[in-house]
Amino acid sequence: MATTTVPGPVTQQKLEELSEIQESGAVSLFVNYEQSLGNYMLDVDGNRFLDVYTQISSLPLGYNHPDLLALLDDPVNIKLFINRPALGTFPGHDWTDRLRSSLLQVAPTGLNNLCTMSCGSCSNENAYKAIYMWYRTKERGGRLEFTEEELQTCMVNQTPGCPTYTLLSFKGAFHGRTMGCLATTHSKAIHKIDIPSLDWPIADFPKYMYPLEEHTTHNEHEDNRCLEQVESLIHTYNKAGNTVAGIVIEPIQSEGGDNHASPQFFQRLQQLAKTTGTALLIDEVQTGGGPTGKMWCHEHFNLQEPPDIVTFSKKMLTGGYYCKKEFRPNQGYRIYNTWMGDPSKVVMLQEVIKVIERDNLLHMATQSGDVLFKGLRTLDQKFPQHINSVRGRGTFVAFDAGNTAKRDAIIGRLKLQGIHAGGCGDKSVRLRPSLIFQPHHAHIFVEKLETVLNTL
Ligand SMILES: Cc1ncc(COP(=O)(O)O)c(C=O)c1O
């Protein structure tokens, strides 16, 4: 239970101070990171929350995990933490080994090329560039040299140096807030307003009805409708000379409201990408790293072959992307920035992967997710006037409240009950606990939610 109002007086005081020097409209709580532990986050007012949102889904092992703290006992690691290299040019002697024993260890099947970046947006932004380079190389028939005209025109943002390629994305998608990513982000107007953008194709994402088993006809119809739209948009844009070079999609649309699509939808989308010659990028920034019970959510889809590119960040601690070999640029500096990630994050990831394996955490995500799912289904039957549409994979679970005000009331009252959950879309509550979230934590969540629903 919270011991003050939430936000409490200390958070409010600190917020006032911060607001004097920067815009702080998104600040929710000031946190005591020294004393937060495991699944529990402590705020500066002394309120202790079971955290099922975990820094917007980005803490793989909760707070102050002992195995991560122990990394700092090793002087080699301390030097890695303070000497941040420009990795694209001056990697350390063991960088390749570290990549092999971390990111490559858990790479999606068939994707053994890799690029590290710092955050989700720059991972997508650079993966988009990789798609364009791949497409252009294909159009050149594999010729690697550029023409003089291409070299001149690219300097002034004109064709043929800067081709009029596009990327197809989906309504409700979130791929980040940088300029290229923003052109493929369509979850909330506040992210996009006032920013010039690109006329790229945007298809509907299926809108399913729940429970799935009671709405198979509607949901299959949604798959068909959206895939027909994808095909028709590719055709229209290609015909107009705005060639669709790639399709970008989240395996579960997260910020946009935890919208799911079936394995068949993804299989057919991949097929469509193949037949139209476009690349398929799966954005696993939020879904990757284990919360769905598999390391990568797209592993649930039984795709015929690996996606062309998979981007990651959040629970993976470093950003970046995996890709097929043909998506590597053919020269240095084409995909590049100063840091290209951070070795300290990769050291932490090595440890996280060991802990995931040692403690069987993917299995635990499935088990804890089961408890959440069943508990929530019981509650949506008991309180149909308040919540519905329970959905999820592993602990990556969400449900809807009737409207935004009710959703916000549920999240607010959960805080008073000592539960920190998040929202997404306009009326959904999303659960994003870390991988150390156990079935008994799931029971606590369900119990507290029931208390809240009884008060509405
Ligand atoms: C699916 C997805 N892609 C990209 C991003 C952008 O990541 P970042 O906020 O690290 O730039 C997010 C962030 O929430 C995300 O959920």
Side-chain angles (χ1 to χ4, degrees), residues 26-28 52-60 108 115-131 167-188 190-192 195 200 202 205 246-261 266 269 280-292 295-298 300-301 307 309-323 337 339-342 345-346 348-349 392-398 421-425 428-434:
V27 172
S28 165
V52 293
Y53 193 42
T54 56
Q55 308 297 319
I56 324 181
S57 196
S58 68
L59 284 185
C115 176
T116 49
M117 285 286 156
S118 296
C119 69
S121 299
C122 66
S123 306
N124 281 329
E125 196 78 33
N126 284 286
Y128 293 0
K129 285 171 56 183
I131 289 177
L167 280 182
L168 184 140
S169 54
F170 289 84
K171 288 182 191 152
F174 185 91
H175 299 291
R177 294 176 170 86
T178 49
M179 293 283 285
C181 291
L182 201 56
T184 58
T185 283
H186 317 286
S187 49
K188 294 196 183 89
I190 196 69
H191 303 147
K192 290 175 73 78
I195 314 296
W200 286 355
I202 311 162
F205 191 87
I247 297 172
V248 47
I249 190 164
E250 297 154 89
I252 300 169
Q253 282 193 336
S254 305
E255 305 292 321
D258 269 36
N259 306 317
H260 289 248
F266 282 94
L269 186 72
L280 178 64
L281 184 163
I282 300 201
D283 175 351
E284 294 248 24
V285 166
Q286 192 151 160
T287 46
T292 68
M295 202 63 192
W296 305 104
C297 183
H298 75 265
H300 291 281
F301 301 155
I309 302 197
V310 172
T311 52
F312 55 81
S313 189
K314 293 201 187 258
K315 281 192 175 56
M316 298 300 286
L317 299 176
T318 174
Y321 62 85
Y322 299 102
C323 65
N337 64 36
W339 281 327
M340 298 200 73
D342 182 343
K345 301 297 177 203
V346 171
M348 286 167 64
L349 180 63
R393 289 186 185 280
T395 56
F396 206 98
V397 170
C424 61
S428 308
V429 176
R430 64 173 149 170
L431 306 188
R432 298 288 186 271
S434 76

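In each ligand, atom 1 is the first atom listed, and ligand 1 is the first ligand listed. We count residues from 1, following the sequence as given. Side chains are part of it too, since the values below use all heavy atoms of this structure and drop only hydrogens, waters and symmetry mates.
- Under the rule for a salt bridge (Lys or Arg N to Asp or Glu O under 4.0 Å), the partners of Lys171 that lie at least two apart in sequence or sit in another chain are Asp204.
- With Asp258 as reference, Arg432 is the one residue of Arg432, Gln253, Arg430 to meet the side chain to side chain donor-acceptor pair (under 3.5 Å) rule.
- His186 is linked by a side chain to side chain donor-acceptor pair (under 3.5 Å) to Ser169, counting only residues two or more places apart in sequence or in another chain.
- A heavy-atom cutoff of 4.0 Å around ligand 1 is satisfied by the protein residues Cys119, Gly120, Ser121, Asn124, Phe174, His175, Gly176, Glu250, Glu255, Asp283, Val285, Gln286, Lys314.
- To the nearest 0.5 Å, atom OH of residue Tyr321 and atom OG1 of residue Thr116 are 10.0 Å apart.
- Annotation: salt bridge (Lys or Arg N to Asp or Glu O under 4.0 Å) contacts of Glu125 (sequence neighbours excluded): none.
- Contact of the Phe170 side chain with the Leu269 side chain is registered, since non-hydrogen atoms from C-beta on lie closer than 4.5 Å.
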